[in-house]
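Provided herewith is a single structure, encoded as structure tokens, for subsequent inquiry.
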Amino acid sequence: MMTDYHGKTKEWINLFISLRDKMNGYKKANITPYMHIMVYHIPKFFELYKTVKVFTGQGVERNNDVARNIVLHKSNKFDSTGDILKLESRQWELKNQERSKRTYEKRNDHYWEHELHLARKDKSRKLN
């Protein structure tokens, strides 16, 4: 199966190059690293690891999206690289931490039990 894959992808590259006289952008110099990997390395990865998922760049792409978001939303873009590295470091240190709920005590029980109810009642009367 992988030899068939290699043969078909190699044929595809040859077809790509054969279009060089007919269309712009189809010469040998326009073969991308992804195309090279598809022909010469993917079959070996499948043979060794039975998948190529471990070689995808999804994690890197996600980090890039987050970093870009940080840079674009900052008002002070002085040290963007440093800010990104500091943020990642903080996230790495906090990844096993759980957020504790903040305690809250009602100080004015009369407000919560009576005044708030009356204020909402008055507001609904004014709207109707």
Side-chain angles (χ1 to χ4, degrees):
M1 182 179 126
M2 277 301 110
T3 54
D4 187 40
Y5 172 85
H6 176 74
K8 285 185 177 184
T9 55
K10 189 121 167 90
E11 283 177 31
W12 177 72
I13 294 293
N14 290 333
L15 174 65
F16 180 89
I17 296 169
S18 73
L19 296 173
R20 70 180 169 265
D21 297 329
K22 297 171 184 91
M23 301 176 81
N24 287 334
Y26 286 89
K27 53 189 172 191
K28 194 171 185 177
N30 291 64
I31 293 178
T32 67
Y34 292 112
M35 294 162 81
H36 167 82
I37 289 168
M38 185 176 73
V39 175
Y40 294 103
H41 300 286
I42 297 292
K44 189 68 174 173
F45 291 157
F46 271 122
E47 184 182 312
L48 292 173
Y49 306 108
K50 309 297 185 240
T51 184
V52 292
K53 189 171 183 166
V54 292
F55 299 102
T56 65
Q58 288 178 339
V60 174
E61 292 295 330
R62 175 68 181 142
N63 285 346
N64 184 46
D65 290 344
V66 170
R68 190 165 188 265
N69 194 5
I70 292 166
V71 171
L72 294 176
H73 285 93
K74 281 182 55 177
S75 60
N76 177 8
K77 295 177 174 48
F78 178 69
D79 185 21
S80 299
T81 308
D83 290 337
I84 292 165
L85 291 172
K86 287 174 192 170
L87 176 78
E88 285 183 357
S89 175
R90 284 194 305 269
Q91 287 176 337
W92 186 258
E93 289 173 10
L94 296 172
K95 74 177 183 177
N96 294 324
Q97 301 292 320
E98 283 194 38
R99 183 173 177 258
S100 58
K101 286 190 174 183
R102 197 172 99 185
T103 57
Y104 179 77
E105 290 181 32
K106 295 180 184 176
R107 294 187 181 156
N108 186 352
D109 286 334
H110 182 70
Y111 170 79
W112 291 104
E113 293 171 10
H114 302 289
E115 292 176 32
L116 181 61
H117 177 69
L118 292 174
R120 288 182 177 168
K121 198 173 189 180
D122 288 342
K123 187 177 181 180
S124 70
R125 279 189 201 145
K126 289 177 185 176
L127 293 174
N128 294 330

Separation of I13 CD1 from K28 NZ (nearest 0.5 Å): 10.5 Å
CG on N69 to CG on N64, rounded to 0.5 Å: 11.0 Å
Donor-acceptor pair, side chain of H114 and main chain of H110, under 3.5 angstrom: no
Within-4.5 Å side-chain heavy-atom neighbours: N30 and F16: yes
Note: E11-K8 ion pair, threshold 4.0 Å (strictly below): no
Test log, rule salt bridge (charged side-chain N to carboxylate O under 4.0 Å, His left out), inputs E93 and R90: CA-CA 5 Å; E93 289 173 10; R90 284 194 305 269; over 6 Å; no
Beyond-backbone contact of I17 with I31, side-chain heavy atoms, under 4.5 angstrom: yes
Y5-L48 co-clustered via ILVMFWY side chain contacts under 4.5 Å: yes
Approximate separation, where rounding is to 0.5 Å, of H6 NE2 and Y40 OH: 6.0 Å
Whether over 12 other heavy atoms sit under 6.0 Å from D65 CG: yes
Side-chain donor/acceptor of R120 to backbone N/O of H117, under 3.5 Å: no
For the student: nearest non-hydrogen atoms of P43 and M38, plus distance: CD-O, 3.7 Å
Non-hydrogen atoms of R20 and K27 that approach each other most closely: CB-CA, 3.9 Å
Donor-acceptor pair, side chain of Y26 and main chain of L15, under 3.5 angstrom: no
Shared hydrophobic cluster, V60 / L85 (ILVMFWY, side-chain heavy atoms < 4.5 Å): no
Separation of E61 CD from N63 CG (nearest 0.5 Å): 9.5 Å
NZ-CG distance between K123 and L118, expressed to the nearest 0.5 angstrom: 15.0 Å
Distance (rounded to the nearest 0.5 Å) between W112 CH2 and R107 CZ: 12.0 Å
